[in-house]
Number of protein chains: 2
Amino acid sequence: MDGQVFGDKNMAKGNKRVSIQDLAAELGLSVSTISRALNNALDVSEATKAQVRALAEKLNYQSNSMAASLRSGRSHVLGVIVPHINGAFFPAVVHGIERLASQAGFNVMICQSSEEVGREVAHVKALLKAQVDGILVSMSNTTREYDHFEQVRRKGIPLVFFDRMPELTNVCGVVADDYRGAYQLTEHLIEQGCRCIAHLAGPQHLNITHNRHQGYHDALLAHGLPYDKQLVVPLSNSREAGGAAAMRHLLAGNMRPDAVFAAYDFAAVGAMRVLEDHGLRVPEDIALAGFSNEPFTTMIKPQLTSVDQHGVQMGEAAVQLFLQLQKRSDTFTGQRIVLKTKLIIRGSSLHGLPAQPATSA
Amino acid sequence: MDGQVFGDKNMAKGNKRVSIQDLAAELGLSVSTISRALNNALDVSEATKAQVRALAEKLNYQSNSMAASLRSGRSHVLGVIVPHINGAFFPAVVHGIERLASQAGFNVMICQSSEEVGREVAHVKALLKAQVDGILVSMSNTTREYDHFEQVRRKGIPLVFFDRMPELTNVCGVVADDYRGAYQLTEHLIEQGCRCIAHLAGPQHLNITHNRHQGYHDALLAHGLPYDKQLVVPLSNSREAGGAAAMRHLLAGNMRPDAVFAAYDFAAVGAMRVLEDHGLRVPEDIALAGFSNEPFTTMIKPQLTSVDQHGVQMGEAAVQLFLQLQKRSDTFTGQRIVLKTKLIIRGSSLHGLPAQPATSA
DNA sequence: TTGAAAGCGCTAACAT
DNA sequence: ATGTTAGCGCTTTCAA
């Protein structure tokens with residue numbers, strides 16, 4: 001492979017792509033036969049198939065999927081819209097989607113909304129124009145109207161949400177059990193002896209963060225602890241800076257929590273930094289936990305207790321839902337798949353008793 | 001937006017998409033006029049344009065980009081192939097690509113090769129079939145043959161590499177100055193008083209890791225230090241586990257380095273863990289540095305010295321290169337853009353003297 | 001088992 | 001300023 005010169009410039013530009021017409025002409029067959037042979041139709045003799053395939057190979061024929069899609073009405077492309085691909089969660093979901101989708105013969109078109117409704121709407125439009133066979137989407141956190149999704153449905157294109165989905169009837173999607181994850185996490189903190197547990201909360205119009213908050217709330221009440229609004233601080237963003245600001249706000253108040261549950265791992269790290277700055281030890285003085293089980297949770301000290309959301313699995317489930325929808329598109333059952341989450345206990349939350357055996361490395 | 005029922009099922013399936021034919025019929029105009037009006041051609045009266053746009057809006061017309069692309073030969077889609085989207089680097093590049101591309105009127109189709117040549121080849125094929133207007137690619141680390149790239153060129157499709165590119169003449173792309181980054185980093189370690197600097201090396205057939213190794217090598221010699229092969233340990237993978245294994249190997253040998261430069265941040269963290277386990281302090285006993293400036297470098301203790309690669313900028317440069325290529329496709333200049341890297345000094349490398357003022361937070 | 005022919009929805013000459 | 005016409009490359013009836 002060395003010294004190889006890449007791209008001799010003899011064929012500057014004018015080399016037309018070879019089409020099935022060319023193959024047909026070359027072999028003295030009709031284009032329809034070529035088409036059928038290439039698509040491995042059952043009513044073409046093996047002999048011609050072989051012949052056609054050989055020539056296609058030789059001439060380096062590449063089918064034009066635009067033409068095929070235009071004619072057939074199916075593009076074999078699956079559109080995916082994610083809010084972003086930072087952190088590990090969405091990449092994991094995308095991975096799951098790609099695996100199952102490509103296995104089912106679909107190409108995947110990934111778009112980032114960058115948490116902007118505008119871009120989300122634009123992407124939906126572009127995907128529809130591109131005639132995708134289906135759309136999988138996790139909403140941006142600025143999405144409050146759902147007309148663009150409604151359009152998709154109106155066109156009869158299968159639409160599947162994952163993780164972040166609108167509170168509407170008749171939409172299908174797959175979500176993690178954020179409620180249960182938060183509930184268990186809060187319960188764990190209580191078992192650690194914490195009695196004054198704060199929550200750094202994400203935006204409450206989003207199902208995921210709403211449910212995390214709710215799980216926290218219900219766990220407190222279930223264990224006879226009061227729910228105090230002063231202990232719930234909204235995060236200005238999901239990153240470290242947001243967590244740090246919220247933590248500072250909390251420390252400036254007149255309640256001194258003995259545990260903090262942040263709705264995101266990144267926010268938890270920001271909080272941890274602030275606690276250090278204030279000379280507070282984690283978990284001895286204040287227990288700390290996040291949500292998502294980002295890889296860096298095991299890199300920091302103490303390691304961060306968190307909740308795993310099984311991203312890959314979620315992606316796969318979303319594709320399965322899509323495939324189902326595609327089969328029988330008359331019944332939009334509004335099916336919701338809820339995936340179990342997994343509490344991962346690490347050092348940051350071991351406030352009291354040694355607690356249950358650690359669930360992870 | 002509450003209580004809204006999503007997707008009344010009255011229009012089960014049969015609602016044909018509205019096409020420009022429908023618009024033409026409705027307005028008593030020809031399809032070509034409609035087409036021109038929609039594309040804002042300059043030879044259509046403002047009156048009709050308004051009329052057409054109004055009806056299009058009313059009927060919720062969505063153009064069929066497959067048809068348009070098939071006819072015009074341009075898809076306005078840019079294909080992007082990345083090895084993966086873990087960590088922060090490739091997502092940053094993708095972000096840069098998306099920003100500039102969408103600004104230039106292109107949609108972006110992102111594909112992951114997952115470090116498998118097979119998938120890379122498949123993606124190239126799919127993108128060509130999809131008639132993309134150009135392909136931006138960062139090679140998988142298992143790519144050793146470049147025939148699939150050659151095909152792209154042969155078809156006259158602009159091809160731009162970024163970060164990881166083949167050692168061929170006549171290919172264009174944008175890379176970070178890994179050599180210089182590694183050189184400066186090594187120099188910094190030397191200035192810290194380190195005299196026995198090890199390198200955890202990435203695969204040497206890839207330009208990026210090869211250049212990091214080379215920069216390390218040359219910096220040593222330039223400062224009169226010997227280059228000792230025993231101090232260069234190949235990483236089995238770029239993650240923590242790879243770094244940990246390499247570090248263990250190093251510690252088991254008879255050389256005891258006073259600094260370690262890992263070719264990836266993740267590997268550096270793995271190494272850090274092993275050093276801790278061996279009771280060695282960073283940076284007092286052994287200085288440590290990585291490469292890429294991942295966000296977690298500031299989350300760990302000590303914070304990790306690293307080299308920033310300006311991912312967003314790289315993505316933008318790649319798009320610019322593509323746009324250039326598209327304009328004058330006759331001259332494949334094989335232009336290479338080399339982006340400066342930036343040494344970010346943090347606690348993990350402060351082995352000796354206070355050194356130069358810290359470059360970052 | 002193969003061929004002929006009609007078009008998918010749009011654009012782009014070329015007319016008018 | 002608008003209309004006519006001819007396809008882009010493929011799939012898919014309908015015939016043979």
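Residue numbering restarts at 1 for every chain, and letters A, B, ... go by the order of the sequence lines. Both backbone and side-chain heavy atoms feed into the values below; hydrogens, waters and symmetry mates do not.
A heavy-atom distance below 4.5 Å is not found between the side chains of B/M139 and B/P83.
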For residues 121-128 of chain B, please give each side-chain donor-acceptor pair under 3.5 Å, one per line with the distance, not counting sequence neighbours.
{"from": "B/H123", "atom 1": "ND1", "to": "B/Q112", "atom 2": "O", "distance (Å)": "3.4"}
{"from": "B/H123", "atom 1": "ND1", "to": "B/R119", "atom 2": "O", "distance (Å)": "3.1"}

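Applying the ring-ring contact (aromatic ring centres under 6.0 Å, His included) rule to pairs touching residues 124-144 of chain A yields nothing, sequence neighbours excluded.
Between B/E115 and B/R164, at least one side-chain nitrogen of the basic residue sits less than 4.0 Å from a carboxylate oxygen of the acidic one, meeting the salt-bridge criterion. In this structure, B/K49 pairs ionically with B/E46, as a charged nitrogen and a carboxylate oxygen lie closer than 4.0 Å. Ion pairing between a basic and an acidic side chain is recognised when a charged N comes within 4.0 Å of a carboxylate O; A/R53 and A/E57 show no such pairing.
Looking at B/S45 and B/T48, their side chains do bring a donor and an acceptor atom within 3.5 Å of each other. Using modelled atom types and a 3.5 Å distance limit, the side chains of B/Q62 and A/Q151 yield no donor-acceptor pair.
When the side-chain hydrogen bond (donor to acceptor under 3.5 Å, both in side chains) test is applied to B/S140, the partners found at least two apart in sequence or on another chain are B/T142, B/T143. For the side chain to side chain contact (heavy atoms under 4.5 Å, CB included) test, residues two or more places apart in sequence or in another chain that qualify with A/A67 are A/N64, B/L70. With sequence neighbours excluded, the residues that form a side chain to side chain contact (heavy atoms under 4.5 Å, CB included) with A/V31 are A/I20, A/Q21, A/A24. Residues satisfying the salt bridge (Lys or Arg N to Asp or Glu O under 4.0 Å) criterion with B/K58, sequence neighbours excluded, are absent altogether. In this structure A/E26 satisfies the side chain to side chain contact (heavy atoms under 4.5 Å, CB included) test together with A/L55, sequence neighbours excluded.
Running 5' to 3' along DNA chain D, contacts with non-hydrogen atoms of chain A at under 4.0 Å begin and end at D/dG9 to D/dT13.
DNA chain C lies under 4.0 Å from at least one heavy atom of each of the following residues of residues 21-35 of chain B: B/S32, B/S35. For residues 44-57 of chain B, proximity to DNA chain C is found at no residue, defined as any non-hydrogen atom under 4.0 angstrom from a strand atom. Against DNA chain C, the stretch residues 61-68 of chain A makes no heavy-atom approach under 4.0 Å.
For A/D133 (side chain) and A/S75 (main-chain N/O), a donor-acceptor pair under 3.5 Å exists by modelled atom type.
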Assess whether side-chain hydrogen bond (donor to acceptor under 3.5 Å, both in side chains) is satisfied between B/S35 and B/S32, documenting all intermediate values. CA-CA 5 Å; B/S35 171; B/S32 47; over 6 Å; no
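The terminal axes of the helix from C/dT1-D/dA16 to C/dT16-D/dA1, fitted over 5 pairs per end, subtend an angle of 30° to the nearest 10°.
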